[in-house]
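One structure below.
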Amino acid sequence: MSLHGKRKEIYKYEAPWTVYAMNWSVRPDKRFRLALGSFVEEYNNKVQIVGLEEESSEFICRNTFDHPYPTTKIMWIPDSKGVYPDLLATSGDYLRIWRVSETETRLECLLNNNKNSDFCAPLTSFDWNEVDPNLLGTSSIDTTCTIWGLETGQVLGRVNLVSGHVKTQLIAHDKEVYDIAFSRAGGGRDMFASVGADGSVRMFDLRHLEHSTIIYEDPQHHPLLRLCWNKQDPNYLATMAMDGMEVVILDVRVPCTPVARLNNHRACVNGIAWAPHSSCHICTAGKAQTASSPVHLSSDPILSLLTFSLQCNNNVLSFLSRRPPGADMGHPANAQGHRGPYSGLHSRGGDQQRPVGLHPA
């Protein structure tokens, strides 16, 4: 990653507050750029734009702006070709779209589907459609998922203000909805899944919203907190239960029967991320005092764990730019000395050596 001297394997950045949300930018003209959201137990929170100074091989803060409440999720527009405005979305009390420039970050629009009340149902998560970046989906504690349409067009060389409207809203679960994610199946635009407090994973098609498919239900009806689609094979997705110590791997072609249960964690799992370049590798992060381990899923499926050391200490982020060679069959990666707990991780897409970012609780 560095232009001069020997390339580092681990890059660190120390934020001034506890990091709760993070996301890599995929724009080709903004290499190695991160957005970080704070977790401060008060109304005033922060979002930082962090970039790699390649000559010094150090991450530095490019920009900081205020954010009401902690961001439950933060995500750059999935624009790998750089044809859309440079936008950043955050969820919390509302869904906010920000425009990022070299000198400032300004709020473009605030998307609120509750026009008839002074109160709002907090958003637990959202996802930005990779095939059609004009589509975003949000999940909420009011049992609904909302699909938003975003207008980011250009007229006569002038970029219009970004605006959005509700395309559809549906009652997705019997209880709170905790996560939503678009699938790459069927063209990658219309299909998405959600998880919630009722312990189910449900799959939807924007073309046929009159029904949904229950892919999985937790046997004890524990709330499911997160889901993550395989980046290469849309038949597979991963989910995890509240306070659970395992990651459940599902195949949508075989509903309700997990393909595998990854149970090497010694405390609850807090984050999951599929490798962007491989259909059979997944990285998990948890509350245990050892770092997470990417897991290799073979077609049998026999599980083997690959050595992959990630570091985290309080509010210090560490990034691993490549996976060391060698595999350890049946045991977590040796990561003694790396202290948790970890509350999330995110793998970067594209071909820029596929770094992984990890942040603590």
Side-chain angles (χ1 to χ4, degrees), residues 11-25 33-51 58-76 87-101 103-112 114 118-128 138-142 176-179 223 225-226 242-243 267-273 285-287 289 292 310-319 338-346 357-361:
Y11 295 76
K12 293 184 179 181
Y13 174 75
E14 184 170 353
W17 20 252
T18 299
V19 178
Y20 183 73
M22 64 180 292
N23 187 252
W24 285 102
S25 169
R33 184 178 61 167
L34 272 167
L36 309 176
S38 69
F39 182 81
V40 181
E41 294 185 15
E42 57 185 44
Y43 179 77
N44 296 318
N45 274 257
K46 301 287 185 181
V47 173
Q48 279 191 349
I49 309 299
V50 177
E58 299 292 339
F59 275 92
I60 62 173
C61 178
R62 307 284 191 186
N63 195 358
T64 302
F65 59 94
D66 295 329
H67 192 280
Y69 302 107
T71 58
T72 54
K73 187 171 182 179
I74 189 167
M75 190 174 182
W76 295 94
L87 300 178
L88 181 71
T90 60
S91 58
D93 50 349
Y94 304 107
L95 180 65
R96 291 175 171 85
I97 309 297
W98 310 81
R99 186 187 295 269
V100 180
S101 68
T103 57
E104 65 173 357
T105 300
R106 73 169 187 265
L107 180 65
E108 286 288 286
C109 63
L110 184 149
L111 303 181
N112 173 21
N114 188 4
D118 294 333
F119 302 96
C120 63
L123 302 179
T124 54
S125 186
F126 73 96
D127 194 26
W128 210 324
T138 58
S139 56
S140 173
I141 66 169
D142 66 1
E176 297 93 333
V177 189
Y178 289 143
D179 202 7
L225 299 183
R226 291 287 177 261
M242 179 182 293
D243 298 326
C268 67
V269 181
N270 291 330
I272 48 180
K287 199 173 181 179
Q289 296 302 303
S292 58
L310 298 178
Q311 293 184 347
C312 184
N313 183 12
N314 297 329
N315 57 338
V316 179
L317 306 178
S318 299
F319 310 97
H338 303 331
R339 296 181 291 173
Y342 310 96
S343 65
L345 75 163
H346 177 74
L358 177 71
H359 65 84

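Residues: numbered from 1 along the sequence shown.
Here the side chains of Lys73 and Leu95 are not in contact, with every heavy-atom distance at 4.5 Å or above. Between Tyr94 and Pro68, every side-chain heavy-atom pair lies at or beyond the 4.5 Å cut-off. Taking the side chain as every heavy atom from C-beta outward, Ser38 and Tyr20 never approach each other to under 4.5 Å. Using a 4.5 Å heavy-atom cutoff, the side chains of Gln48 and Arg62 are not in contact.
Counting non-hydrogen atoms of other residues, nucleotides and ligands closer than 6.0 Å to CD of Glu41 gives a total of 12 or fewer. Annotation for Tyr69: atom OH does not count as buried by contact number, only 12 or fewer foreign heavy atoms lying within 6.0 Å.
Between the Asn23 side chain and the Trp76 main chain, a donor and an acceptor come within less than 3.5 Å of each other. Using a distance-only test at 3.5 Å, with no hydrogens or angles considered, a donor-acceptor pair links the side chain of Ser101 to the main chain of Glu104. Using modelled atom types, no side-chain atom of Thr18 and backbone atom of Phe39 make a donor-acceptor pair closer than 3.5 Å. A donor-acceptor contact shorter than 3.5 Å is absent between the side chain of Asp179 and the backbone of Ser125. With Ser25 contributing its side chain and Leu34 its backbone, the two residues share no donor-acceptor pair below 3.5 Å. Not a single donor-acceptor pair under 3.5 Å links the side chain of Lys46 to the backbone N or O of Phe65.
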Run the side chain to side chain contact (heavy atoms under 4.5 Å, CB included) test on Val47 and Leu36 for me, step by step, so that the C-alpha distance in whole Å, both residues' side-chain angles and the decisive distance to 0.1 Å come before the verdict. CA-CA 5 Å; Val47 173; Leu36 309 176; over 6 Å; no

Just do the side chain to side chain contact (heavy atoms under 4.5 Å, CB included) check on Ile141 and Leu123 with the steps written out, would you? CA-CA 7 Å; Ile141 66 169; Leu123 302 179; over 6 Å; no

Show your reasoning for whether side chain to side chain contact (heavy atoms under 4.5 Å, CB included) applies to Ile74 and His67. CA-CA 11 Å; Ile74 189 167; His67 192 280; over 6 Å; no

Apply side chain to side chain contact (heavy atoms under 4.5 Å, CB included) to the pair Met242 and Val269, showing each step before the final yes or no. CA-CA 8 Å; Met242 179 182 293; Val269 181; over 6 Å; no

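Taking the ring centre of Trp98 as origin, the terminal cationic atom of Arg106 falls outside the region bounded by 6.0 Å and 45° from the ring axis.
The shortest non-hydrogen separation linking Pro70 to Val40 is CG-O, 3.8 Å. Val50 approaches Phe59 most closely through the heavy-atom pair CG1-CD2, 3.6 Å.
Note that CD1 of Ile97 is 5.5 Å distant from CG of Leu111, once rounded to the nearest 0.5 Å. The OG1 atom of Thr71 sits 9.0 Å away from the CG atom of Leu88 when rounded to the nearest 0.5 Å. In this structure, CZ in Arg99 is found 10.0 Å from SG in Cys109, a value given to the nearest 0.5 Å. Between Cys61 atom SG and Ile49 atom CD1 the span is 8.0 Å, to the nearest 0.5 Å. Glu108 CD to Arg96 CZ: the interatomic distance, rounded to the nearest 0.5 Å, is 14.0 Å. Between the CG atom of Leu110 and the OG1 atom of Thr90 there is a distance of 8.5 Å, given to the nearest 0.5 Å.
Qualifying side chain to side chain donor-acceptor pair (under 3.5 Å) partners for Arg226, counting only residues two or more places apart in sequence or in other chains: none.
Under 3.5 Å, the side chains of Thr124 and Ser139 contain a donor-acceptor pair of N or O atoms.
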